[in-house]
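Remember, it's a predicted structure, so these values are computed and weren't measured experimentally.
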Amino acid sequence: MKKNTSKLIINICIALFFIICVIAPIVSMLCRITPSGFASMVSSPQFLPAVKNSISTALVATIISLILAILAAWCIRRTDIKLKSLFGMIFVIPMLIPSISHAFGLVALFGANGLLTNLLHLNGSIYGFWGIVTGSVLYSFPVAFLMFSSILEYEDGMTYKAADVLGIPARSRFIDITLPYLKKTIISAFFAVFTMIVTDYGVPLMVGGKTVTLSVLMYNKAVGMIDYDSGSVIGAFLLIPAIAAFIVDLLNPERSQSGFVSEQVEPKKSAVQKILSYIFCGIICLCVFAPIASFCIMVFETKYPIDPTPTFYHVQKTISRGADKYLLNSLLYSVATALLGTALAFVCSYMTARLKGKFSKGLHLISITSMAIPGIVLGLSYVIFFHGSPIYGTVLIVILVNSIHFFASPYLMMYNTLGKVNPNLEAVGQSLGIRRFFMIKDVIIPKVRGTLIEMFTYFFVNSMMTISAVSFLAPPAPKPVALMINQFEAQLLMESAAFVSIVILGVNILVKGVSNIFARNLH
């Protein structure tokens, strides 16, 4: 009876936490919307063009990202090329820098004084529709690649062997076997990527030019003009694709590892396919490294494109403007977010995965609701809800919003991992008189250490590079370093913005590398 009471109290406390930190802020934002304010915003001359621009750029970029991701995943999982692990690591590097850095990389390459603009004497402009599409593809491609790579890794090869024996041609095998198998992942990836792009304001803010999207309009209204009522109206519209993606994800849970794989699909040993795969992977790697190369060239040249003499002047200038302090702020936010987020996600996942009960499904649902809220919307809702509270404008609110913003994915990692741990461990411990706390500390946690490291890394990396929610909440709290990119670009200090992007990438690569080493040593 006492244990059931304790369990109930913990469930209620967790549910109240999410109600206060997720549901209540969103409700408070939606309550700011009045009929007159809604009508005024929707009838404004900027609104409909912004909706059109958001949908069109996101739709085109999503289709391109999915096509590239499927091809890249196919090269890694279905061809006989070498260096697959290296290619796979390179493909996900864009996930380690802010979306605004991708857009800045395009400016560095194709802007008026861009590297390729001068080298190839290009006359076009990167600003506008295709600039947004290109930057969004760079930003979203790795997410789609990981989804398709994972699902292809766990496809059963026996089906294809049977098709070979029956003499079914390759085209028919692809249409009748592969496409149906990928159908759910394609749908989930489409909604996930579309939502990422349509709610991101980093890329369109940097390279959008006159092509204004809903996210940029919301940013300008809420941050630039402190017009929270208009921002709330736009935020409500941005919730629509995010909620749609959330529902699709609920209806199509991860199934890549749920089935029994009797035999892996053998990569085809076709010379032509191998050559084409190397060419395609090489092009993707070039697209990944081109912005990074442009950052390095700009940072370490005296005056691009006039004076190519190597120098550390721009590094020193960026540090003198406070980049070192901003970096320490980001490290503080990221470590604190990773610690709080990992602990909270572990407790929630343990309550829902191991302690089944009438509250478990409801707690599970409320634990993944943050997945349906874009960062820019969450940031505005926190401004409205927590304004005037003791934590507003402090380090704590930034750590809290980051923990909530990135909570769902680490929670699901641990939820799935705990679901695979022997379900009878607690019962055995109870029969031996071992308290649940010691069972968790001495048995459960050692079994899931690898997932805990993944969760910590996920929180850290994303907190290090996010600009969406924190752009609303950082002042007057210490600002994270990622916000300096847009600040430097607005001041035409391109070299400083490039250096900040390199620093963020370097820190995240270091953390990912260390976490991978720890994870490998556990096995």
Test item: side-chain donor near acceptor, Thr199 and Ser215, under 3.5 Å: no
Before we go on, tell me: are the rings of Tyr392 and Phe386 under 6.0 Å apart, centre to centre? no
Should the pair Tyr219 and Phe472 be assigned to parallel (<30°), tilted (30 to 60°) or perpendicular (>60°) ring geometry? perpendicular
Show the nearest heavy-atom pair for residues Phe459 and Ser403, with the distance to one decimal. CE2-O, 3.6 Å
Specify the closest pair of heavy atoms between Ile197 and Ala58, including all atoms of both residues, with the distance to one decimal. CG2-CA, 3.6 Å
Within a radius of less than 6.0 Å around NZ of Lys317, do more than 12 heavy atoms belonging to other residues, nucleotides or ligands occur? yes
For Met484 and Val500, work out which heavy atoms get closest and say how close. CB-CG2, 4.3 Å
Measure across Leu418 and Ala353 and return the closest heavy-atom pair with its distance rounded to 0.1 Å. CB-CB, 3.9 Å
Which atom of Ala345 lies closest to which atom of Met455, heavy atoms considered: CB-CE, 3.5 Å
Distance-minimising heavy-atom pair for Ala245 and Ala192: CB-N, 4.4 Å
Could you walk me through whether Leu412 and Met371 satisfy the side chain to side chain contact (heavy atoms under 4.5 Å, CB included) test, starting with their C-alpha distance in whole Å, then the side-chain angles of each, then the deciding distance to 0.1 Å, before giving a yes or no? CA-CA 11 Å; Leu412 288 173; Met371 190 183 295; 3.4 Å; yes
Ring center gap for Phe295 and Phe104 short of 6.0 angstrom: yes
Reported CG-to-CD1 distance for the pair Leu214 and Ile234, which is rounded to 0.5 angstrom: 6.5 Å
Show the numbers, then the answer: is there a side chain to side chain donor-acceptor pair (under 3.5 Å) between Tyr458 and Thr342? CA-CA 9 Å; Tyr458 183 91; Thr342 302; over 6 Å; no
Are Pro478 and Tyr333 packed together at the side-chain level, in the sense that at least one heavy-atom pair is separated by less than 4.5 angstrom? yes
Between Thr302 and Thr311, is a side chain to side chain donor-acceptor pair (under 3.5 Å) present by the stated rule, with each step listed? CA-CA 6 Å; Thr302 300; Thr311 182; 4.6 Å; no
Would Phe18 and Phe407 count as a ring pair (Phe, Tyr, Trp, His ring centres under 6.0 Å) here? Give the steps. CA-CA 11 Å; Phe18 282 105; Phe407 180 85; 5.0 Å; yes
At what distance, to the nearest 0.5 angstrom, does CD1 of Ile81 lie from CD1 of Ile279? 11.5 Å
Can you say whether the rings of His102 and Tyr139 are parallel (under 30°), tilted (30 to 60°) or perpendicular (over 60°)? tilted
Verify ring pair (Phe, Tyr, Trp, His ring centres under 6.0 Å) between Phe145 and Phe91, making sure each step is shown before the conclusion. CA-CA 8 Å; Phe145 164 74; Phe91 290 169; 5.2 Å; yes
Cut-off 3.5 Å, side chains only: do Ser99 and Asp200 have a donor facing an acceptor? yes
Ser496/Arg321 under side chain to side chain donor-acceptor pair (under 3.5 Å): CA gap, chis, key distance, verdict: CA-CA 9 Å; Ser496 295; Arg321 288 176 174 268; 5.5 Å; no
Just by distance, do the side chain of Thr466 and the backbone of Ser463 share a donor-acceptor pair under 3.5 Å? no
Side chains of Ser471 and Tyr201: do they bring a donor and an acceptor to under 3.5 Å? yes
Would you check, one step at a time, whether the test side chain to side chain contact (heavy atoms under 4.5 Å, CB included) holds for Asn508 with Phe460? CA-CA 8 Å; Asn508 281 343; Phe460 182 96; 4.1 Å; yes
Given the side-chain rings of His364 and Tyr411, with only the six-membered ring counted for Trp, is the space between their centroids under 6.0 Å? yes
With the side chain counted from C-beta on, respond yes when Phe385 and Ile20 share a heavy-atom pair under 4.5 Å apart, and no when they do not. yes
Where do Val193 and Phe141 land on the side chain to side chain contact (heavy atoms under 4.5 Å, CB included) test, with the steps shown first? CA-CA 8 Å; Val193 171; Phe141 161 79; over 6 Å; no
Please confirm whether the ring centroid of Phe191 lies under 6.0 Å from the ring centroid of Phe246. no
Return yes when atom OH of Tyr313 has more than 12 non-hydrogen atoms of other residues, nucleotides or ligands closer than 6.0 Å, and no otherwise. no
For Asp307 and Glu301: C-alpha separation, side-chain torsions, deciding distance, then whether side chain to side chain contact (heavy atoms under 4.5 Å, CB included) applies. CA-CA 7 Å; Asp307 185 358; Glu301 278 193 1; over 6 Å; no
